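Every chain is numbered from 1, with letters handed out A, B, ... down the list of sequences. Just so we're clear, the structure is a prediction, and the values are computed from it rather than from any experiment.
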Number of protein chains: 2
Amino acid sequence: MARPPQFDRTEVLEKATQLFWERGYRGASVSDLVKATGLLPGSIYASFGNKEGMFIACLDYYGAQGDALRSQFESDSSPLTVLRNFFFAIVEMAADGDGSRGCFLVNASLECAESDSAIKSKVRDCMGQNEVWIRDQIDAARQVGELSEDTDTTRLAGCLTGAMFGFRVMSRAQEDPDKIRDVASTTFDSLVTPWQQVAV
Amino acid sequence: MARPPQFDRTEVLEKATQLFWERGYRGASVSDLVKATGLLPGSIYASFGNKEGMFIACLDYYGAQGDALRSQFESDSSPLTVLRNFFFAIVEMAADGDGSRGCFLVNASLECAESDSAIKSKVRDCMGQNEVWIRDQIDAARQVGELSEDTDTTRLAGCLTGAMFGFRVMSRAQEDPDKIRDVASTTFDSLVTPWQQVAV
DNA sequence: TATTTATTTGAATGATTGTTCAATAAAATA
DNA sequence: TATTTTATTGAACAATCATTCAAATAAATA
């Protein structure tokens, strides 16, 4: 027997995420959030606790979108294709016009020092999930024989994750889209090709 | 016929850079800067114009240290060795205990949106100088025959720069030092080895 | 319809933000 | 030594910051 929230939580998180993504945690004020989401301060604090709580909710929302994106690529086609498709989907997001925002997680990770511990650990969570998924695809590719048995799957996953961080930085730094595509594809091929082999 | 500044500019820039590097542009307040540098607000504004001016001066200072570091590795030994030594010096800085600050330039680039145009362009300047230097070393290595004539030196320089961005992100994200070393060296080798050849 | 519970409102909070400025101090020239 | 020029001082500025809260509102149960 209570009044339900008037606003659509997803819609609010979407708008808040866009704002934080573009301006950063400290660069977006609560009154900016009020303007962007249409919520008044009281509602924000009732629903998210405080500004940090709202930011973490946005990181969560962004992380969940990452989950959705990744699972969208999963299929019964070859694991290496799944991995490649995902990788280059991210490349396109970075190269695209809106890529100048970079990756919300990477941005948040660099903006916040270790003293913002709640934010940092949420960021690490989401990044970790991504890296584990990548390693899972590599493991699967190895198991199917697309990659050599010698493949150090954890290492390769780490390298690809690092490469993705790299071109997301380039995209926020306003690098030429074609250069981002070029660097990303060259790096992907250089890292993966040595372990590739025809399926058994 | 005027009173000279009382403070050592380099000393002040060093302390301010440390602060901005750890906490970010918006995360470090002017009163934090006052505490860290020992300068009072009036002196800061007389010498640097405003907070943004001081931040840009710090980026400049950091960039100049990069110049110094790079030239420190230049020698008459092989260009590829120069490049490798520089690359792994940065790797060690990232893996080291103090690496949790990441790269000041990368941090600044991600924290600031395009609206912070003066900061953005200073960051791009310094990053550009770094990438050009890397390409110069690769060019030299190609000319000496350490790298194949087919080597696309601009592309390789871009890939190595991107890789360095990547592990600097990992270091700010508090990744395990040994993992950073592993990822960095694997990526370097994967990118460079295919073009390497015995000197003519 | 009356009551309960939660949300929304929007003004007000005190703290902190970046910045200014008149007064003071000190070095260098004349 | 007197004068000029700049640096330093540190209090004060208005603006903005994140946050709070009592009142008003609305849905759901009884």
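Comparing B:E52 and B:P4 by the nucleotide of DNA chain C whose heavy atom lies nearest to each, the residue mapping closer to the 5' end is B:E52. The residue among B:P41 and B:P5 whose nearest nucleotide of DNA chain D lies closer to the 5′ end is B:P5. Taking for each of A:A46 and B:G49 the nucleotide of DNA chain C with the nearest heavy atom, the 5'-most of the two is the partner of A:A46. Nearest-nucleotide positions on DNA chain D for B:G38 and A:G42 put B:G38 closer to the 5' end.
A close approach under 4.0 Å does not occur between any side-chain nitrogen or oxygen of B:S29 and OP1 or OP2 of C:dT16. Checking the phosphate oxygens (OP1, OP2) of D:dC17, a side-chain nitrogen or oxygen of A:S31 falls inside 4.0 Å. Within the structure, every side-chain polar atom (N or O) of A:S43 is placed at least 4.0 Å from both OP1 and OP2 of C:dT7. One finds a side-chain N or O of B:Y45 lying less than 4.0 angstrom from the OP1 or OP2 phosphate oxygen of C:dT19.
A:Y25 carries A:K51 over the face of its six-membered ring, with the cationic atom under 6.0 Å from the centre and within 45° of the normal.
Atom-to-atom, CZ of B:F55 to C1' of C:dT17 comes out at 17 Å; the value is rounded to the nearest Å. In this structure, B:L40 atom CG and D:dT9 atom C1' are separated by 6 Å, rounded to whole Å. C:dT16 atom C1' lies 13 Å from atom NZ of A:K51, rounded to whole Å. A straight line from CG of B:D116 to P of C:dG18 spans 13 Å, rounded to a whole angstrom. What separates NZ of A:K35 from C1' of D:dA18 is a distance of 15 Å, to the nearest Å. C:dA28 atom P lies 11 Å from atom CD of B:Q6, rounded to whole Å. When rounded to the nearest whole Å, the span between CG of A:L39 and P of C:dT8 equals 7 Å. Between the CZ atom of B:R26 and the P atom of D:dT16 there is a distance of 15 Å, rounded to whole Å.
Using cut-offs of 30° and 60° on the angle between ring planes, the pair B:F55 and B:F104 is perpendicular.
Between the side chains of A:N130 and A:R70, at least one donor-acceptor pair of N or O atoms lies under 3.5 Å. Between the side chains of A:E14 and A:Q18, at least one donor N or O sits under 3.5 Å from an acceptor N or O.
Side-chain contact between A:V169 and B:R168 is absent, with no heavy atoms from C-beta onward closer than 4.5 Å.
Residue side chain A:R3 reaches the base of C:dT7 through a donor-acceptor N/O pair under 3.5 Å, judged by distance alone.
The A:N50 side chain lies nearest to D:dT19 when the options are D:dT8, D:dT19, D:dA27.
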